[in-house]
Amino acid sequence: IVRASDIYLKGVIIPGTYVGTLALHDCATVAGTTAGNNFLTLGLPALVSPNYVPIDLHLRNGLVYAATGTPLVTIVYN
């Protein structure tokens, strides 16, 4: 859980190359991570990843992320 209340997501920084997925959900609890709350899934099987993925999205419920594999990211928000 990144935040369990109203949040403005600015973007995601991917500092290197990783294998796996990162899923972001508009919800306040881990139990709320259903397909209906998922708004972005990044598959990271590539050798080269972008440094920054701009998102600029207002989330009413909160932000929960789920990662599989080895992705490490920095989530930028207000």
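Just so we're clear, the structure is a prediction, and the values are computed from it rather than from any experiment.
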message: Using the side chain to side chain contact (heavy atoms under 4.5 Å, CB included) criterion, which residues pair with Asn61? Sequence neighbours excluded.
response: Asp26
task: Quick one: closest heavy-atom pair of Ile7 and Gly62, and the distance?
output: CG2-C, 4.0 Å
task: Could you pull out all residues at least two apart from Asp6 that satisfy side chain to side chain contact (heavy atoms under 4.5 Å, CB included)?
output: His58
- request: Kindly write out the residues that satisfy side chain to side chain donor-acceptor pair (under 3.5 Å) with Thr74, not counting sequence neighbours, or none if the list is empty.
  value: none
query: Minimum heavy-atom separation for Tyr52 to Lys10, with atom names?
result: OH-O, 3.2 Å
Closest heavy-atom pair and its distance - Leu22, Ala67: CD1-CB, 4.3 Å
- request: Calculate, to the nearest 0.5 Å, the distance between atoms OH and NE2 belonging to Tyr65 and His25 respectively.
  value: 11.5 Å
- prompt: Are Val76 and Val12 close enough, and set up right, to give a side chain to side chain contact (heavy atoms under 4.5 Å, CB included), and what steps lead you there?
  reply: CA-CA 6 Å; Val76 182; Val12 176; over 6 Å; no
task: Applying side chain to side chain contact (heavy atoms under 4.5 Å, CB included), run through Val53 and Ile14 and close with a yes or a no.
output: CA-CA 8 Å; Val53 178; Ile14 304 169; 4.1 Å; yes
Partner set under side chain to side chain donor-acceptor pair (under 3.5 Å) for Thr70, not counting sequence neighbours: none
- prompt: Can you name the residues that form a side chain to side chain donor-acceptor pair (under 3.5 Å) with Thr41, not counting sequence neighbours?
  reply: Asn38
task: I would like to know whether Phe39 and Leu57 meet side chain to side chain contact (heavy atoms under 4.5 Å, CB included); could you show each step before the answer?
output: CA-CA 10 Å; Phe39 63 88; Leu57 185 63; 3.5 Å; yes
query: side chain to side chain contact (heavy atoms under 4.5 Å, CB included) between Val2 and Val64: does it pass, once the steps are laid out?
result: CA-CA 6 Å; Val2 175; Val64 174; over 6 Å; no
Leu24 CG to Leu9 CG distance, which is reported to the nearest 0.5 Å: 6.5 Å
query: Measuring from Tyr8:OH to Ile55:CD1, what's the distance to the nearest 0.5 Å?
result: 10.5 Å
